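Each ligand, and each atom within it, is numbered from 1 in the order the structure gives. This is a predicted model, so every value here is computed, not measured.
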Amino acid sequence: MSSMSKFKKLAGISAFAFAAMTAANSVSAANWRYAHEEYEGDVQDVYAYKFKEYIEDNSDHTLQVYRFGELGESDDIMEQTQAGILNFVNQSPGFTGALIPEAQIFFIPYLMPTDMETVIEFFRESEAINEDFPKLYAEKGLELLQMYPEGEFVITLDEPVTTPEGLQNKKIRVMTNPLLSETYSAFGATPTPLPWGEVYGALQTNMINGQENPIFWIESGGLYEVSPNLIFTGHGWFTTASMANKDFYDSLSDEDKELIQNAADYAFEEIIEHIDGLADEALAKIQKASDEVTVTRLNEEQIKAFKARAPQVEKKFIEMTGESGKELLNQFKKDLKKVQND
Ligand code: 6CS
């Protein structure tokens, strides 16, 4: 055989081998779908894109991210994930609480500390978060990947208020879980559950008088434009969670499972850095953008009056969740004590 025809044959074999390799890759390389509840550049979006970056840098898989509104409201993306149409979803306990009552634990006011470092340590170390919650999510066909904090709740209202009495007759929008309604009833207000898509319009048309959310969201969603009085009550943290459809997750190879767990860990570390200082930056932007905005930080004495209403919400949580919720709450408190004593 001439050296030329040898070369042709080799080229032919390598072209064949290349085509075969590509075909094998395209069989094992998947395009996974991931939806979250926020807009471009918001906390859940940063998390999703870090998750995607890890997956795509460390495998042949690709991840398609869908933001708020592209596939519907929060409840819609959860339904699509449970049905297996989506592989991953980021949904906050504010909405998941309707499906998994124990997830409402995040709405017992003044349960969580206000200090961010302690909160982060809690999310890292807590047995309730890292061992108990995954079992509860699994019962609903969900593989819980990561729970993480987005920021402290701040109330926005049509007037600055410092007491539960001041909240009387105020319609406050809450996410759609029953315990959060109990919290605002306990605070003296009239809770109004609404999906996210209706909040801005309801504030603008005075159908509601206020709402609660972390500062970054109040800034990014422009809520201060229609609800300009910011009240720092220190009553809790907006927490969220990333998860996968459990049947999909269980069907993956050990290698892909590890990839996903590592991607979730990587995104968590990145998000912890991202939220550090985010609330102050967002508040500065709000104050620059509007002269109308007022900022009220409740003092210890004023907080006491709100805190005094917390035990009745805790009681409701136990009524709603029974023995399982009671055990979770005990573990949660034990875990909190541990990080607060460190
Ligand atoms: O208030 C809400 O419904 C929204 N808040 C935040 C911070 N993220 C998504 C959620 O839908």
At a non-hydrogen distance cut-off of under 4.0 Å, which region of [X] contacts ligand 1 (side chain, backbone, both, or neither)?
X: P214; answer: side chain
X: Q91; answer: neither
X: E38; answer: side chain
X: F68; answer: neither

field: Check: N213 N/O within less than 3.5 Å of ligand 1 N/O
entry: yes
message: Taking the six-membered ring of F232 as reference, does the cationic atom of R297 (NZ for Lys, CZ for Arg) lie under 6.0 Å from its centre and within 45° of its axis?
response: yes
- prompt: Angle class for the W32/H61 ring planes (parallel below 30°, perpendicular above 60°, tilted otherwise)?
  reply: tilted
- prompt: What residue and heavy atom of the protein are closest to atom 11 (O) of ligand 1, and at what distance?
  reply: F95 CE1, 3.5 Å
- request: Output all residues satisfying salt bridge (charged side-chain N to carboxylate O under 4.0 Å, His left out) with E143, sequence neighbours left out; order by chain, then residue number.
  value: K246
Of H36, E37, E38, the residue whose pairing with S74 passes side-chain hydrogen bond (donor to acceptor under 3.5 Å, both in side chains): E37
- request: For this output row, return yes or no: ring centroids of F332 and F106 closer than 6.0 angstrom.
  value: yes
query: Which atoms from ligand 1 have a heavy atom of R173 less than 4.0 Å away?
result: 1 (O), 2 (C), 3 (O)
task: Within a distance under 4.0 Å of any heavy atom of E37, pick out the atoms of ligand 1 and give their elements.
output: 9 (C)
Salt bridge flag under 4.0 Å for residues R173 and E198: no
